[in-house]
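Working notes, structure below.
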Amino acid sequence: MLVAEAEEKKHEKERVVNASFPPLKMAGLSVQELQDLCKDLHRKIDVVDEARYDMQIKVAKNDTEIQTLNQKIIELKGVKRPSLKRVKKTTDDMLGAYTDTSKLMKADFKANLKTVKKEDEKTKLLKMAAVMLEKEKEEKKHEREATLNDKVPALQLSGLSMQDLQAMCKELHHKIDVVDEERYDIDAKVTKNNKEIENLSLKIFELKGKMKRPALKRVKISADAMLGALLGAKVKESVDFKANLKTVKKEEEKKEEVTDWRKNVDAMSGFCCFVLRMSKYKLFLLRHGEGAWNKENRFCSWVDQKLSEDGVKEAQDCGRLLKEQGYKFDLVFTSILSRSIQTAWLVLEAMGQEWVPVVKSWRLNERHYGSLIGLNRAEMALQHGEEKVKLWRRSYDVTPPPIDESHPYFLEIYNDRRYTTCDVAKENLPRAESLKEVLDRLLPYWDSTVVPEIKNGRTVLISAHGNSCRALLKHLEGISDVDIASVTLPTGIPVLLELDENLKPVKPRQLLGDQAKIQAAIKKVEDQGKAKQTAT
Ligand SMILES: O=C(O)[C@@H](COP(=O)(O)O)OP(=O)(O)O
């Protein structure tokens, strides 16, 4: 069986590599055409080699992460890592250690920082560390460029005969195959490592046994609705009967609190009230195209992942659709996470409106999923039940357990330079958020920065995330705390809101595009929280 599997993998690899670079056809080509072909092949080697190089770096990073996670598991199982020696060092010694890279690896920063009492000394050290990190990043960039240039030296075509050119084409074509095969193998390793990291993270999560049962939300619901639910009528999955029974004390409580503007509208005989109010402004909300971790079904949140290939296409399709429908933007707001920025760029490019200003703020970031970050939703549903995962993902005021320093992505997030640019100090940035907390941090930005632009007549696109857009929709449409749980946004689908002069919606939100596809995409996002077995 193992042999058969290995054979199958080999064929798959050959198929993929051959499909990316079909056989060489040189018959009948002129000298000029052969030169062009050489250039094209040379460029392709560059592209594949860059991809290969980046993946190799990722493998190295993942290997370190796997080691750290394994160590963590050993510790959690009770075998203690030998404690780090706390060396009392003067600030000058420490600064020396930071500037001397050979000592840098040995410095136990955490232990030492505790010994540095004065605040200004700590700041000095942190600044030095930031400079060091920046320098290291630059060095890595140069190293990358140097390695890539070495591997694919510049093309020399002048004075080559037709025969020479044909030989060179063959050589370059062969080289592409070699590099692409390497890239393929490394890619497979990245996928394997990702899976391993995911499993280890899950194991740690379980070992810590930290997961507190999130407080159940008390939903006010009418007695009739509850009886209906008990008798099998169609009810929302999120209803918590126990909590509800306690809230239903008197028959008067049958009166359901209606804060959803759409319900109010229904109560006032439907659409007539829309036509009474004029649409003054158009606002577009967009959840970015599919990100790498959306594809892997992992909670991505504040981890900075790029768009997947499908995500790039979604963003481009979205731009083309908006262009076809004749929309023009004056201003785009994004979060400070790459997937929302990349989406904004691709949309603007597809619309031919690249010049439109793009303004970024952490306040539009995805909801901070705390310690759930990096974990696979389906596996969490298997472990903790679909209901709980739904509460974490869709309830209004349940905050997931916070991220702490031992979390595998803690440093990647909080050491990122972008979080030194926020309008709150890094240590006051969230460690986990409910949807309510997202709205709390988003509203001041909306009121102070976005609203004035809209009221000045600018057509605004907000390219953000599933939950930051849901929070904004809740605010704008007055959706109730309960009903917001059933609002799900698919990736790459623009949501058009038509607003009156007070920025109140005058008609239901429109998800633009093929409605059947949109419904299928919404279902796909909802199903991410189901406990289906993931392939191993
Ligand atoms: O953090 C994430 O993984 C998703 C949302 O996850 P769910 O709330 O859908 O679980 O955010 P986005 O892809 O919009 O940036």
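Numbering of ligands and ligand atoms starts at 1, following listing order. Bear in mind the structure is a predicted one, so any value in this text is a computation, not a measurement.
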Exercise. Relative to each other, are the rings of Trp302 and Tyr414 parallel, tilted or perpendicular (30° and 60° limits)?
Worked result: tilted
Problem set entry | Check ion pair Arg52-Asp49 (N to O, under 4.0 angstrom) | yes
Problem set entry | Residues Asp423, Arg363: salt bridge by 4.0 Å N-O rule | yes
Problem set entry | Criterion salt bridge (Lys or Arg N to Asp or Glu O under 4.0 Å) on Lys524 and Asp527, from CA distance to verdict | CA-CA 5 Å; Lys524 195 172 152 202; Asp527 287 352; over 6 Å; no
Problem set entry | Where Thr343 and His288 come nearest, the two heavy atoms and their spacing | OG1-CB, 3.2 Å
Exercise. Just by distance, do the side chain of Arg298 and the backbone of Trp293 share a donor-acceptor pair under 3.5 Å?
Worked result: no
Exercise. Which protein residues have a heavy atom under 4.0 Å from ligand 1?
Worked result: Arg287, His288, Asn294, Arg298, Phe299, Cys300, Ser301, Arg339, Glu366, Tyr369, Arg377, Arg393, Arg394, His465, Gly466, Asn467
